[in-house]
Amino acid sequence: MSDKLRSVGLDVGTTTTQLIVSELEVRNLAGAFAVPEMAITGRKILYQSPVRFTPLLDESHVDGKALREIVAAEYRAAGIRRETVDTGAVIVTGETSRKENARSVLENLSELAGDFVVATAGPELESILAAKGAGAVEYSLESGKTVLHMDIGGGTSNLALIREGKILATGCLNVGGRLLKFDPSGTITYVSPVLEGLCSLKAGDRPAPGETAALARTLTRALEAAAGLREDPALLEKLWTREAGSVGLSPAPGGEETVISFSGGVADCIESSPEPLAFGDLGPVLGQAIRESLLCRGAYRLGTQTIRATVIGAGCHSAQLSGSTVFCRNVSFPLKNLPVVRLSDEDLALPTGELSRRIRDRLAGQDTAPVLSMAGFPAPGYPRVVALAEAIAGGLGENPALIAVERDMAKALGQAVALRLPPERPCLCIDRVRLEEGSYLDVASPVGPALPVVVKTLILAG
């Protein structure tokens, strides 16, 4: 027996905006007499929008109204309504996520796109979705090879190091084709602030022969350094978008060569040779610089999806399922944008009263009821579950009990917490979901005994 979920992915990038509609198949993988184990076992794309330019009012403002019109038009073209959408993600990526009104745009799109299509931004999540959407994770799993995936878009390059189908590390660089824009005559119309110190070009200039190629080679050197193919710590420090060490090209087991994988709009310019001004930006020149660089001297591949990698990741790979041993009482779904408060293993080892005070302090000042995240205990006995439940109930104050544990103990813990709260108080406890401090959680209505969830990172740079 299987269930179907309809998922929408919307990617609002520096250069382009895209939408897909997909169908996710959910099956119970457990035997007839075992605890259900629900999993997403199939993904089918039902509709892909044309690739549209992201509408901007100016260099600092995304046109929210125009974006709403794009989404409405694509819903009509796909033959769906917002009420029929079960899950998905709105991903605002690259330089677009830095626009001054990005947060309001995210909120508007979230409401328009359906009850459980969520607004998401953040380089780590974008790296993961692009690697999955481009097929790099699947390629690593099937081939057994270590892969460094680079999704090179208009404003940023999102990196993911993958071994045996598992993403081990991510990174994000200010490297992209839209950092420099031109009019049809070749006059520069825009220079991104991130290029300060890397070139002397400015709006209104007509670059001398070789100037844009030199800039593209500089940006490519940053990608080579992130891959561990050259040493240039100063350039990496300048172009990393967040505090994170270099992804690094770790040697594959047995000395096997690591495969470089590419997606994003610039990836389409690596093996083709469009005219330098074909897209009014640096993309074609940057693509050729990458093709001639150390990145393509060894094993490399273009993703099964290039420019559509992130939107396919958002529409097909953003949702996951909780475990099946969950507890739920008086909860109205969907739950959206729940901030995460993470309890460490050291917190869980505290005496009951002290842990209650720790929880109370951590929840103080939260505008929205948070979800308490923790690893939990392997095979805990009843006294240990009760002690944890008493600590949680004592620390919640007037908040609903929203709990996520990694280990299979949600039903027992949820029941124990609910017994210690007023009967009308909402109580939800899910397992097999790992949540980090600073992330957010959405939870949809149950599919069988499991709950569809989306874990997100809302990072909007200043």
Side-chain angles (χ1 to χ4, degrees), residues 1-9 21-44 80-89 110 113-118 120 315-340 368-374 376 389 392 399-419 421 423-435 439-456:
M1 179 180 174
S2 65
D3 291 289
K4 308 286 187 183
L5 293 176
R6 178 173 289 167
S7 175
V8 167
V21 180
S22 59
E23 183 179 81
L24 309 181
E25 183 178 33
V26 179
R27 287 185 178 272
N28 179 10
L29 302 182
F33 301 102
V35 174
E37 182 182 351
M38 308 302 292
I40 296 173
T41 58
R43 298 173 174 86
K44 180 170 67 174
I80 62 173
R81 304 187 312 276
R82 66 187 300 275
E83 295 82 6
T84 64
V85 175
D86 299 303
T87 184
S110 180
D115 285 339
F116 197 59
V117 173
V118 297
T120 309
C316 296
H317 298 280
S318 60
Q320 57 181 295
L321 294 177
S322 73
S324 298
T325 54
V326 303
F327 179 84
C328 180
R329 182 186 75 179
N330 295 339
V331 177
S332 298
F333 295 105
L335 302 174
K336 300 181 70 174
N337 293 333
L338 301 176
V340 173
T368 304
V371 55
L372 278 176
S373 167
M374 65 198 77
I392 292 172
N399 287 294
L402 305 172
I403 306 162
V405 293
E406 295 171 33
R407 296 190 171 96
D408 290 328
M409 55 178 292
K411 195 172 190 70
L413 179 60
Q415 289 173 337
V417 171
L419 287 173
L421 296 175
E424 68 277 4
R425 183 83 63 86
C427 183
L428 175 68
C429 192
I430 62 176
D431 55 25
R432 297 195 186 185
V433 177
R434 179 177 177 82
L435 301 174
S439 59
Y440 291 74
L441 180 71
D442 285 11
V443 188
S445 300
V447 177
L451 295 163
V453 300
V454 172
V455 182
K456 347 174 245 181

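All residue numbers in this chain count up from 1 along the given sequence.
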Rounded to the nearest 0.5 Å, what separates atom [atom1] in [X] from atom [atom2] in [Y]?
X    : Y    : atom1 : atom2 : value
I392 : L402 : CD1   : CG    : 11.0 Å
R425 : N330 : CZ    : CG    : 11.0 Å
K4   : E25  : NZ    : CD    : 4.0 Å
F333 : S445 : CZ    : OG    : 6.5 Å
C427 : L413 : SG    : CG    : 8.0 Å
L419 : R329 : CG    : CZ    : 8.0 Å

Nearest heavy-atom contact between A410 and F327 is O-CB, 4.1 Å
Would you say [X] and [Y] make side-chain contact, with heavy atoms under 4.5 Å?
X    : Y    : result
V443 : V331 : no
V371 : L335 : no
P452 : L5   : yes

Under 3.5 Å, is there a donor-acceptor pair between the side chain of S373 and the main chain of L435? yes
Chi angles and distances behind the side chain to side chain contact (heavy atoms under 4.5 Å, CB included) call for D431, M409: CA-CA 7 Å; D431 55 25; M409 55 178 292; 5.9 Å; no
